[in-house]
2 protein chains.
Amino acid sequence: MHITKDYDVRKAEFLDTAMRLFIERGYDDTSVNAIIDAVGVSKGAFYHYFKTKEELLDELAARAGDQAMAIVEPIVADPALPAIEKMNAMFARTNAFKAQNRELMITLARVFYSDRNALLRSRMTRRSVELTAPALARIIEQGNREGTMDVTHPAQTAAMILEFGATVVAGFARRLEEIDRDPAVGDELILSMRVYTESVERMLGVTPGSLTLVDDSIVRIVRGDTAESNGGKG
Amino acid sequence: MHITKDYDVRKAEFLDTAMRLFIERGYDDTSVNAIIDAVGVSKGAFYHYFKTKEELLDELAARAGDQAMAIVEPIVADPALPAIEKMNAMFARTNAFKAQNRELMITLARVFYSDRNALLRSRMTRRSVELTAPALARIIEQGNREGTMDVTHPAQTAAMILEFGATVVAGFARRLEEIDRDPAVGDELILSMRVYTESVERMLGVTPGSLTLVDDSIVRIVRGDTAESNGGKG
DNA sequence: TCTACGTAACCGACGGTCGGTCTCTACCGA
DNA sequence: TCGGTAGAGACCGACCGTCGGTTACGTAGA
C-alpha cells in the first residue's frame, strides 16, 4: 500500500531530505538508497522525480542560489541605504549562514566543507555567485557614484569578491577542527578573517575599516564559547 | 609469468598513468580497472602500491605541490631580484602552466577544470598553495622592506592570493568552451584576467600596473590564434 | 626459505533500469 | 445523480552492470 502525494510536495521532500543527508554525511557517501529509505519511498519514485542523482544535486544548487538571491535582493533594492552599508548587510546575512552555535558549524566543516564534498560545494557556490554577483555589482556601482568606492570593473570585481569569499570560508571551515588540538589555530583563523576583510576593502578602494564582512559570532565560534544567545542580532 | 619491476619505477608508472587518465576522463570516471588495464597489471598490484584510490590521488597532489615548489624556490632564493619582479616571475611560471596551444587548454578545461573533477582539483591546489604560500610570503616581506609593497599580514595575504588565483583560473577555464558559441566571452575573460591582476595589486598595495600575473599567451589562447608569435600585444 | 610482488576470482554496495501496479480524476451513458 | 471506466501519472521493487576494495594463493629473487 503506497501513498500518492502532490508532485511539488514530494519533490520538496526529496530535496529537503537529500540536503540534510548530504550535509550530515556528504554527497558521495549518501546513496540513493539512503535517500529513499529516509523519505520512505521506492527507487522508482526517486527516478520518477530525478533523472539522475546528479540532477538532484543541480536542483539543490539552484535552490541555494534562489535562497541567496532572496536574501540579497531586498538589501540591494533599498533606495536609502549607502553602498557600504548594503555590503555590510549583504555579507552579514550570507556569510554568517545561521551558524549560531559551534556544533553546527563544526558539523558543516567536517562534511559540507571537507573536500569529500568538493562537487556539492562547487555547484552550490557557483550558482549562488552567478545569481548574486549582478546585485553586488550594482552596489559597487552605487558606491562609485557615492564616491565611497573606486572600482574600475564592478561586474568582474563583484564576482571575484564572492568567489574569493567562498574560498576563504571553505578554508576557514576546513581548519576549524584543528582548534581542539591546537588553540593557536583560532587566532590564525580570526586573523585570516580580518585579512579577508582588508583585502576586499582594498579591492573596492574603500576607507580601511569601513567594512564588516565577518560577524562577531565567528569569533565566538572560534573561541569555543557555548554562547548562550546573548540577546543578540540574528 | 609476470614482470617484476623496481618499486619506484612501478609506482611512478601508476602515478603517471593515473594522472593522464584523470586529465582525460576525470577522477570519478576513471576506474581502478581502467588504470590497471592501462598499466597492464592486476588489481592486486595496484592495491599493493596504494591503500585506496584516494591515496593515489593524495600522492598525485603531493607531487603537484613538489613540482610547484621546485619552480618557485629558485626564484625566491635569488638575492638580486626585487620583490615585484619575483612575483611576476613566479606567476609567469605557475599560471601559464605550459599551455602552449589552445587544444590542450580546452581539454584541460573540459575535464580537469570541470567540476566533475572538483575533488582532484581541490586536493592539488590545496597542497600547492600550502607549499608555495610561505615562499610568496617571503617575497611580500621583501616587498615591504623595499617599500614597493604595503601588506600588514604577509602570510595570510600570500595564501589568499594563491587560492584566489586558483579559483580565478578555474573559472576562466570553465568558460573557455563558451567562446566558440559566443566570441564576446573572450573579451570578458581577458578583462577578468586584468581585473584579477588589479585586485592583487591592490591587495599588495603596489603601484598600479607594476604586476604582470597573466601572460600574453593567454590572450592568444582566447583569441584562437594558432600561435605564431605575431610580435606582440594587441 | 623468506618476503616483496603479482594474480584473478570474488564481495557488497552503488547508481540506474524496467515491467508493471496503484490511485486519482475526468468523462461517460443511463 | 449516479456507478462504470479509461488514461495519466505516481509509485513499486527485482534486477543489471560496474565500482572500489578483499582474499587466497602463486612466483621471482635475495
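The chains referred to below are lettered A, B, ... by the order of the sequence lines, with proteins before strands, and numbering in each begins at 1. Below, all heavy atoms of this structure are taken into account, side chains as well, without hydrogens, waters or symmetry copies.
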(request) Output the distance between atom CE (A:Met19) and atom OG1 (A:Thr30), rounded to the nearest 0.5 Å. (result) 10.5 Å
(request) Considering just the side-chain nitrogens and oxygens of B:Tyr47, establish if one lies under 4.0 Å of OP1 or OP2 belonging to C:dC5. (result) no
(message) Rounded to whole Å, please give me the gap between CZ in B:Phe50 and P in C:dG6.
(response) 12 Å
(message) Whether A:Arg123 and B:Asp115 form a salt bridge (side-chain N of Lys/Arg under 4.0 Å from carboxylate O of Asp/Glu) is what I want to check.
(response) yes
(message) I need the CG-C1' distance between B:Asp28 and C:dG15, as an integer number of Å.
(response) 12 Å
(message) Can you give me the closest heavy-atom contact between A:Asn117 and A:Tyr27, atom names plus distance?
(response) OD1-N, 2.8 Å
(message) Taking B:Asp16 first and then B:Arg63, would you say they form a salt bridge - that is, a charged N and a carboxylate O separated by under 4.0 Å?
(response) yes
(message) Could you tell me how far apart B:Leu57 (CG) and D:dG20 (P) are, to the nearest whole angstrom?
(response) 12 Å
(request) Report the distance from atom OH of A:Tyr49 to atom P of D:dC12, rounded to the nearest whole Å. (result) 10 Å
(message) Measuring to OP1 and OP2 of D:dC11, would you say a side-chain N or O of A:Arg10 lies under 4.0 angstrom away?
(response) yes
(message) For A:Val111 versus A:Glu24, what's the shortest heavy-atom pair and its separation?
(response) CG2-O, 3.3 Å
(request) Mind checking the CZ-NZ spacing from B:Phe46 to B:Lys53? Nearest 0.5 Å is all I need. (result) 8.0 Å
(request) Would you mind reading off the distance between B:Tyr7 atom OH and D:dA30 atom C1', rounded to a whole angstrom? (result) 19 Å
(message) Within the 4.5 Å heavy-atom criterion, are B:Leu136 and B:Met87 side-chain neighbours or not?
(response) yes
(request) Choose from C:dG15, D:dA10, D:dC19 the nucleotide whose nearest atom is closest to any side-chain atom of B:Asn33. (result) D:dC19
(request) Mind calculating the distance between CG (A:Leu119) and C1' (C:dG15) to the nearest angstrom? (result) 15 Å
(request) Using a 4.0 Å heavy-atom cut-off, write out nucleotides 8-13 of chain C from 5' to 3' as B (base contacted by protein), S (sugar-phosphate only) or - (no contact). (result) B-----
(request) Tell me whether the OP1 or OP2 atom of D:dA10 has a side-chain N or O from A:His48 closer than 4.0 Å. (result) yes
(request) Quickly work out the A:Lys51 NZ to C:dC18 C1' distance and round it to whole Å. (result) 16 Å
